[in-house]
Amino acid sequence: MNDLLFGVDPEEVSVPALVWAADEAARRRLRLRLVVAVPPVHDRLGYDALGHRTALRIRAESALADVEELVRRLRGPLPATSELVDGAPATVLLARAAGADLVVVGSRRLGRAAELLGENSVVVPLTARAPCPVVVVRAPEHTEVHPPTLVVRAPEHTEVHPPTLVVGVDGSEQSQEAVAFAVHEASLREARLRAVWVWPRPLLAHEDTGAGLAERRRLLAESVAGWAERYPDTDIDQDVVRGHPVAELALAARESLALVVGRTGRGGYSGMRLGSTVHGLLHHADCPVITVPSGAPVLGGDRPRGRAERPPRLGPDRPPPG
């Protein structure tokens, strides 16, 4: 049985993230692997390093016990294992992500500097380097613990909206990986999939907007081509919107089950490897953000036949990677 890895934060256990992880493990028939890390203590100022480390370990053991109990209450017989490990949290989780299908962590909404430079930061380095998809949960998600559909009640009628999953598409190979993951995830959740292409506004006022819109609609259609036939029960909507990728994708996914994006950064430190758009979404999206790295296995099986091997080329208005 494959694993879904959940990173336990001993400082502040994220219940929404744990609910997401347990629900997803049950849905995908994965073993839930609970991991908490006890970071190293640096006694630079002459403090009691042993006492500090003991306190950290006690806190980690308590958090892990609380999480184990909550999993039992939520999911009963769900296969699960737990592990307390010495080491920096991001390093510990990255080492175990190599054997996982999916990693789920919560976010404490740290600032950009704290996420990039903090000794025990997890979200950015893990999302930037993990070999499998990473889910970052910042806000409560509509899972089986909550109603799986959004119900809008009015005085004279009740309207039920099916849940929606959003995937960001830009025609790149990395966004194709995201589409592959998103279609399968939407099928598992019996949700609609909304594929969104964000077209940045031009630096110059002179452009043929009609032709540009038609071209992007064509490229978006190519990006999702074949998946409707493979998943006939999953409705796939396609939208081209204008604006900044972070702002528009966050808005499009505001009330969705999750937002799926490809990881397109290159080299350098974690923030550069992550890509500017993904990095921005981790701080601004209200829903869970799922980042899919290049080469991640398609958990739902093979890609549809006939997909282009190379991403289509765009003009100079293409947004920056990530």
Side-chain angles (χ1 to χ4, degrees), residues 3-14 16-18 20-21 24 33-42 56 59-60 63-64 67 83-139 168 174 177-178 181 246 250 258-285 287-297 320-322:
D3 288 336
L4 184 150
L5 181 64
F6 178 72
V8 179
D9 184 353
E11 296 285 340
E12 182 182 348
V13 174
S14 172
L18 180 60
W20 206 102
E24 191 73 2
R33 186 177 185 184
L34 308 169
V35 176
V36 61
V38 180
V41 175
H42 303 290
L56 290 176
R59 181 184 299 169
L64 191 57
V67 167
E83 186 178 8
L84 189 150
V85 187
D86 292 326
T91 302
V92 167
L93 292 175
L94 279 170
R96 285 151 182 78
D101 280 7
L102 199 66
V103 180
V104 180
V105 292
S107 173
R108 283 184 269 161
R109 298 175 182 259
L110 298 177
R112 286 176 178 263
E115 284 285 15
L116 284 173
L117 304 175
E119 182 178 10
N120 295 320
S121 64
V122 173
V123 169
V124 169
L126 180 63
T127 306
R129 298 176 182 273
C132 64
V134 175
V135 185
V136 177
V137 181
R138 297 183 61 197
Q174 291 82 3
E177 304 280 356
F181 182 96
V246 173
L259 170 62
V260 183
V261 288
R263 189 176 76 199
T264 60
R266 292 286 188 275
Y269 64 88
S270 294
M272 291 176 62
R273 291 188 57 156
L274 195 55
S276 60
T277 298
V278 176
H279 194 278
L281 289 169
L282 291 175
H283 289 275
H284 296 289
C287 69
V289 176
I290 305 175
T291 305
V292 183
S294 298

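Please read these numbers as outputs of a predicted model, since none were measured by experiment.
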### Query
Roughly how far apart are Leu259 CG and Leu282 CG, rounded to 0.5 Å?
9.5 Å

### Heavy-atom pair of closest approach, residues Gly87 and Pro40
C-CD, 3.9 Å

## Note on the structure
Nearest heavy-atom contact between Asp101 and Cys132 is O-CB, 3.8 Å

#### Entry: Considering all heavy atoms, the nearest Ala98-Pro131 contact
CA-CG, 3.8 Å

### Query
Hey, what do you get for CD (Glu11) to CZ (Arg59), rounding to the nearest 0.5 Å?
4.5 Å

#### Entry: Which residues share a side chain to side chain contact (heavy atoms under 4.5 Å, CB included) with Leu18, sequence neighbours left out
Phe6, Leu34, Val67, Leu70, Val71

### Distance-minimising heavy-atom pair for Ser294 and Glu177
CA-CG, 4.3 Å

### Where Val260 and Ala178 come nearest, the two heavy atoms and their spacing
CG1-O, 3.5 Å

### Message
Quick one, Pro39 and Pro89 - any side-chain contact, counting heavy atoms below 4.5 Å?
### Response
yes

### Message
For Ala63, give me all partners under side chain to side chain contact (heavy atoms under 4.5 Å, CB included), at least two apart in sequence or on another chain.
### Response
Val8, Pro10, Val13

### Query
Do Arg96 and Val85 pass the side chain to side chain contact (heavy atoms under 4.5 Å, CB included) test, and can you show the C-alpha distance, the side-chain angles, and the key distance before you say yes or no?
CA-CA 11 Å; Arg96 285 151 182 78; Val85 187; 3.6 Å; yes

### Message
Applying side chain to side chain contact (heavy atoms under 4.5 Å, CB included), can you list everything that pairs with Val246, at least two apart in sequence or on another chain?
### Response
His244, Thr277, Leu281, His284

#### Entry: Nearest-0.5 Å distance that lies between atom CZ in Arg129 and atom CG in Leu94
8.0 Å

### Reported CZ-to-CG distance for the pair Arg33 and Leu93, which is rounded to 0.5 angstrom
10.0 Å

### Task
Locate the shortest heavy-atom distance separating Ala97 from Leu5; write the atom from each residue and the value.
N-CD2, 3.9 Å

### Query
How far does CG of Leu102 sit from CH2 of Trp20, to the nearest 0.5 angstrom?
5.5 Å

